[in-house]
Amino acid sequence: MKSKPGLSTRCVHGGEIRDTHGSPHTPLYQTTTFKFDSTADLLDVVEGRKMGSLYTRYGLNPTIRSLEEKLASLEEAEAAWAFSSGMAAEAALFLAHGRRGIVCVGDAYGGTMELLSAQLPELGIATHFLLGNALDELKSRLKQGAGLVFFETPTNPALEIFDIRAISDAAHEHGALVAVDNTFASPVNQRPLTLGADFVVHSATKYLGGHSDITAGALMGSQPLLGPVWSWRKNLGSMIAPETAFLLMRSLRTLPIRVERQNATAMAVAQAMGKHPRVERVLYPGLPDFPGHAVAKGQMSGFGGMLTIDIKGTYDDAVKVVDRFQLFAIAPSLGGVESLATMPVTTTHHGLPAEERARRGITDTMIRLSVGLEDVADLVADLEQALG
Ligand code: PLP
C-alpha cells in the first residue's frame, strides 16, 4: 500500500486492532480496569515506559485508544483524545491552553458561548469576542495578550467562513495557538491542521457519529500540545464510554460516503431554495454568490450538509413553515442521516437578547437545515409544501 492511504481507507482501517479471534475490526472492551501478570508489568504502564491498558477513565482502554488513532488519522493529526461530548473536549482544551486569554472569532455554538462568556471568566480566564465584521481588530487584540484563538468555520447558523491559514498566521505571529471547531465541515470537507491550526475540536455527536444516537467529542493536535489536556480529561472524568467509542468507530467507517452525499444534497436544496419566491436568501458556502464562497473553495473540498434559509415574512410565518414539515424533523442537532430543521431564535440563539442576535445577524425568520440521507427530491418537495 502507498505510504499514506486515502481518507476513505483511513476511515475503514485507521487505528483498527485485530484480536486473537480474528475480528475484522476493534472489539468492544467493556471493562473499567485491566489486569497485569506482575507488579513490574503494571509499573511499566503506570510509569509510562510501556503503552498499555490500565483504567478506562484514563483513556487506557483498547477500544478508546483504537478510536483515537482513527480520529487522529482523519484530521492528519499526531494524536487525538476522545471525550464524552463536544463540550467536554472544548472545556478541557480551554482549561489546559486558555489561561493566557481566549479570543473567540465569529459566532459559535450556544454552549461554547456560555462557557466562554459566563463560566471561564468566573475562574479568572479572560475571554474576548470578535465578530466576523471586526476581524481587522484581531492583531491589536492579540498584541494585548491571548494564548488561544478559537473559531468555527463554517459557523452556526450563518455558515460564515473564516480563513484558517490567515487567522493561524496572525495568531502565531503573536504567540497564540489556534483551535478550529470543525464540527460543521467534518474532516471529509476540511482539515484545519493542514492549514496551520494547532487544534481541531469536534462535537462527534454530529457528522462523526452521524446517526443522532451518540454523544461524544474529540480533540486533535500534536502530541506535545495534547499532553497537558490529558490530565484535565482524566480528572474532570470526561472520558468517552467504551461502548460509545465502539459505536463512533462504526460510524467513522462510513463517514466519507455519508458526507459526500450530504454535500451533494445540500447543494441541490440550496439551489432549489434560491429560486423559491418565499425565500429571502439562502446561506450556503457552495453558492457562488455567498460572501465566503471564495475562501470556502480554497480551504474546503466540499461545502457540507448545513444550510440556512431566511424566509420572507415574520417570525410567525417561519414557525408555520417549520411546523408544516413532514420529512424534516424539528430538532436542534445536526449531522445525522435524518434531515433536521431548527430556527436559531428558538434553540441555539434563544438565550441571547434580541439586540445581540441582531448584532450577530441572526434573524427571527432563519431556518437552519441539516440535510440527511433522504432523496433530494423528497426533501425539496417537503420544503416546497411547507413554504406553501
Ligand atoms: N460545536 C458545535 C459547532 C456544535 O454544534 C455543538 C453542539 O451542538 C458543540 C460544539 C457541542 O457538542 P456536544 O453537544 O457534543 O457537547
Side-chain angles (χ1 to χ4, degrees), residues 67 71 75 80-95 98 102 104-120 132 148 150-162 164 179-187 189-190 192 197 199-220 232-233 236-241 244-245 247-248 251-252 259 262 283 285 300 304-308 329-336 340-344 346-352 360 362 366 368-371:
L67 164 69
L71 287 168
E75 286 287 4
W81 300 143
F83 287 85
S84 55
S85 69
M87 286 312 301
E90 287 184 25
L93 167 70
F94 294 152
L95 289 167
I102 303 169
C104 176
V105 173
D107 212 347
Y109 166 64
T112 308
M113 292 303 290
E114 189 183 1
L115 181 63
L116 288 172
S117 61
Q119 293 173 280
L120 293 181
L148 187 68
F150 173 88
F151 60 100
E152 297 178 8
T153 183
T155 63
N156 174 28
L159 288 306
E160 195 172 1
I161 301 292
F162 290 105
I164 298 171
V180 175
D181 183 333
N182 205 26
T183 300
F184 266 43
S186 92
N189 289 327
Q190 174 175 276
F199 300 101
V200 167
V201 65
H202 276 280
S203 168
T205 313
K206 309 299 180 333
Y207 286 99
L208 303 188
H211 297 73
S212 308
D213 58 3
I214 57 169
T215 301
L219 179 70
M220 294 84 159
W232 284 103
R233 179 183 67 167
L236 291 173
S238 47
M239 176 52 58
I240 194 169
T244 309
L247 285 173
L248 183 50
S251 294
L252 290 174
V259 171
Q262 282 160 319
L283 305 176
M300 301 177 82
M306 298 299 300
L307 70 145
T308 293
I330 306 173
S333 195
L334 59 115
L340 307 177
T342 186
M343 288 173 65
T346 64
T347 52
T348 53
H349 292 67
H350 185 251
L352 289 182
R360 291 170 180 273
I362 312 297
M366 274 181 167
R368 190 191 77 182
L369 303 174
S370 168
V371 165

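Counting convention: from 1, in listed order, for ligands and their atoms alike.
In this structure, the salt bridge (Lys or Arg N to Asp or Glu O under 4.0 Å) partners of D107, at least two apart in sequence or on a different chain, are R360. Residues satisfying the side chain to side chain donor-acceptor pair (under 3.5 Å) test with T153, not counting sequence neighbours, are none. Every residue two or more places apart in sequence or in another chain that forms a side chain to side chain donor-acceptor pair (under 3.5 Å) with T347 is listed here: T342.
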Pairs under 3.5 Å, N/O atoms on ligand 1 and on the protein: can you put them in a table with the distances?
from     : atom 1 : to   : atom 2 : distance (Å)
ligand 1 : 1 (N)  : D181 : OD2    : 2.6
ligand 1 : 8 (O)  : K206 : NZ     : 2.7
ligand 1 : 12 (O) : S203 : OG     : 3.0
ligand 1 : 15 (O) : G86  : N      : 2.9
ligand 1 : 15 (O) : S203 : OG     : 2.8
ligand 1 : 15 (O) : T205 : OG1    : 2.6
ligand 1 : 16 (O) : G86  : N      : 3.1
ligand 1 : 16 (O) : M87  : N      : 2.8

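In this structure, the side chain of T155 engages the main chain of E160 through a donor-acceptor pair within 3.5 Å. At distances below 3.5 Å, at least one donor-acceptor pair connects side-chain atoms of Q262 with backbone N or O atoms of V371. When atom types are taken as modelled, the side chain of E90 and the backbone of V201 share no donor-acceptor pair closer than 3.5 angstrom.
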